[in-house]
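Structure first, then comments.
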Amino acid sequence: MTSKTLISGFGILAMLSVASPAHAYLDPATGSIILQAVIGAIAGATLFFRTTLYRAKSMVLGIFKKSGNEDK
Amino acid sequence: MIHHTALEPGSFRDPGGRIFTSGDRILRAVMPSAAPAFELARQSGVLDRLVEEDRLVGFASVSDIEAVPQLRDASHVLEHPAVPFISHPYEWSFSLLKAAALFHLDLQIDLLRDGFTLSDATAYNVQFDGVRPQFIDHLSVRPYVEGEVWAGHRQFCMQFLNPLLMWDALGLAPNHWFRGTLEGVAPEDLARMLPLRKKLDWTVLTHVVAQAAMQNRKVKAGTPKAEKRGVTLPKHAFEGMLHGLRRSIAGMRNKAHTTVWGDYAGRNSYRADDALMKAQFVAEMTRAVRPKMMYDLGCNSGDYSVAALENGAGRVVGFDFDHGALELAYSRAQADNLAFLPLWLDAANPSPSQGWAQAERKGLAGRAQPDAMVALAFIHHIAIGRNVPLDMATDWLVDMAPVGIIEFPHKEDPMVQTLLAQREDIFPNYGNDQFRELLGQRARIVRTIDVLPTRTLYWYDRT
């Protein structure tokens, strides 16, 4: 009887020692914050590239439109 | 006259503000901790502009409530018009969730341009007027500090992006999951479900897979360091993330499941004139009752909701369990700008009251007081499809609203026979005579109409 209790006790202790730490101690958004640090720069560059491309496109289109108007 | 003032049980997460109800009035206490940010937002004119654009629920300062003890410590007390119907994100169809997600991103993008940001990204702060999204939390708007990280990023992923990805990438309705967790779908969980092919998409790879990996690594590593203070996110990078997510979500589709009810109108046992008779009966009832709010149980694509709206109903909240039907109803409400909100509901297992103290998110019962309801081609689904005894099904329906129309498909009806085809008939008490008697015990039967030899519509009134 005593040995059984002892074995169970050791088992529980062993399980506790390998269990992952409680989430309650962790800032729940840690992954999100590290991610933002990593991809933020890429996202910013992408947006800059897209905006520039869009501006360039509309500029070129604008020139064509203008020249089209002049032809008339 | 001040009524009994009660704290709204869903409003406690932000210590800077609380919502109270006082009679019909909706009041918000702005506590001293949130007052400076609120004052800056109000003085800048950004809140007024959002109200003007119909993106933010209106607000007015109130001064006649000094007598109310709960509001005495508040720096400001605001009064808001009541939101017509509070719905929860786990009751939304794909299109409603997508509309709410794009709305939230646009709001965040526009606020950032004005030097403000949102302190969180909870989907519960988006509500619908018809199917048009509106923001309800004025205290989420606060001044933006250059370089700060997006505080609501993880929440946005859990409550908007990940449930939408379940639809888009897996063809799975996230409603059951969302209703279970209330906080949405964690990146760590979604990452385990997605096949490798889907993980290669840039949005999925970064916001789901990488975030999950970093989160898991941090959990394993134990005590976290105070990364929050060290990390900065320049404004253009923040904007880049928002625009990237917006582009990705705008392209998402609900290519999910086959529709059970979607083409119902085409293949059910009615001829077109039977549908017309039903619509006329609904029209007659709504003209007589003029309900400010009506429920349409089993709304399908919204035919009878529309009939009600065209005949004096102020607003209809529809419910259906089929996402295909809900998509049709959404596109109809959106195209015609109807005061019609179609929501997902399993009538045999409606949204419960849940969350903190089982009161944070109200269940279906008691969330609103509809003045009328219609339940057409509906009762046999719960009485035979789900084994709910006819008297209990009748109780549930009649309790829903003081006046309404219930369609009763007789035992001999082809739709009922279809339900019975694969099973033993254990429903000796399911019959038109029994239903008439049960309904008569609970309410006055105003009128009945046989739209088919095997289908009867009952107009009841228990007022």
Side-chain angles (χ1 to χ4, degrees), chain A residues 2-71, chain B residues 109 112 120-121 147-158 161-162 183 186-188 191 202-248:
Chain A
T2 334
S3 61
K4 262 190 186 170
T5 319
L6 213 65
I7 291 167
S8 309
F10 269 119
I12 289 166
L13 273 179
M15 276 192 328
L16 282 176
S17 64
V18 295
S20 27
H23 291 239
Y25 294 116
L26 195 75
D27 178 351
T30 305
S32 149
I33 291 159
I34 311 165
L35 178 80
Q36 292 187 50
V38 178
I39 67 159
I42 304 166
T46 311
L47 180 64
F48 177 74
F49 176 71
R50 277 180 174 268
T51 320
T52 316
L53 195 70
Y54 176 77
R55 276 191 195 138
K57 256 194 206 164
S58 23
M59 217 168 80
V60 172
L61 284 174
I63 290 167
F64 274 114
K65 257 188 195 163
K66 264 182 202 162
S67 58
N69 286 343
E70 277 163 11
D71 285 346
Chain B
I109 288 167
L112 213 48
D120 52 35
E148 69 170 301
V149 294
W150 180 12
H153 174 252
R154 183 176 165 83
Q155 201 171 34
F156 182 85
C157 293
M158 288 183 66
L161 178 68
N162 296 353
E183 301 299 330
E188 303 81 80
W202 174 251
T203 301
V204 176
L205 189 67
T206 50
H207 294 282
V208 182
V209 181
Q211 189 183 172
M214 287 164 188
Q215 187 76 10
N216 286 333
R217 229 185 67 212
K218 280 292 134 185
V219 172
K220 286 206 185 98
T223 332
K225 295 171 192 90
E227 267 116 358
K228 200 168 181 172
R229 272 150 235 136
V231 173
T232 58
L233 180 72
K235 193 171 176 181
H236 70 274
F238 191 173
E239 286 171 331
M241 277 176 74
L242 294 168
H243 282 279
L245 281 167
R246 201 198 184 287
R247 231 178 6 257
S248 173

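Throughout, protein chains are lettered first and strands after them, A, B, ... in sequence-line order, and every chain is numbered starting at 1.
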Atom CD of A:Q36 and atom CD of B:E148: how far apart are they, to the nearest 0.5 Å?
-> 10.0 Å

Considering only heavy atoms and a distance below 4.5 Å, find which of B:E239, B:H243, B:Q155 pairs most often with chain A.
-> B:H243

Below 4.5 Å from any heavy atom of chain B, which atoms of A:A37 appear? Answer side chain, backbone, both or neither.
-> both

Could you go step by step and tell me if B:R247 and A:T46 meet the side-chain contact (heavy atoms from CB on, under 4.5 Å) rule?
-> CA-CA 12 Å; B:R247 231 178 6 257; A:T46 311; 4.3 Å; yes

Are any non-hydrogen side-chain atoms of B:W202 and A:I42 less than 4.5 angstrom apart?
-> yes

Closest heavy-atom pair, A:G40 versus B:A237, reported as atoms and distance to 0.1 Å, is O-CB, 3.0 Å

In this structure, CD1 of A:I33 is separated from CE of B:M214 (nearest 0.5 Å) by 12.0 Å

Considering all heavy atoms, the nearest A:L35-B:A210 contact | CD1-CB, 3.7 Å

Using a 4.5 Å cut-off on heavy atoms from C-beta on, say whether the side chain of A:I39 contacts that of B:M241.
-> yes

Under 3.5 Å, is there a donor-acceptor pair between the side chain of B:Q215 and the main chain of A:A29?
-> no

So which of B:H236, B:E188, B:H153 has the biggest tally of heavy-atom pairs under 4.5 Å with chain A?
-> B:H153

If you count the non-hydrogen atoms of other residues, nucleotides and ligands that lie under 6.0 Å from CZ in A:R50, is the total more than 12?
-> no

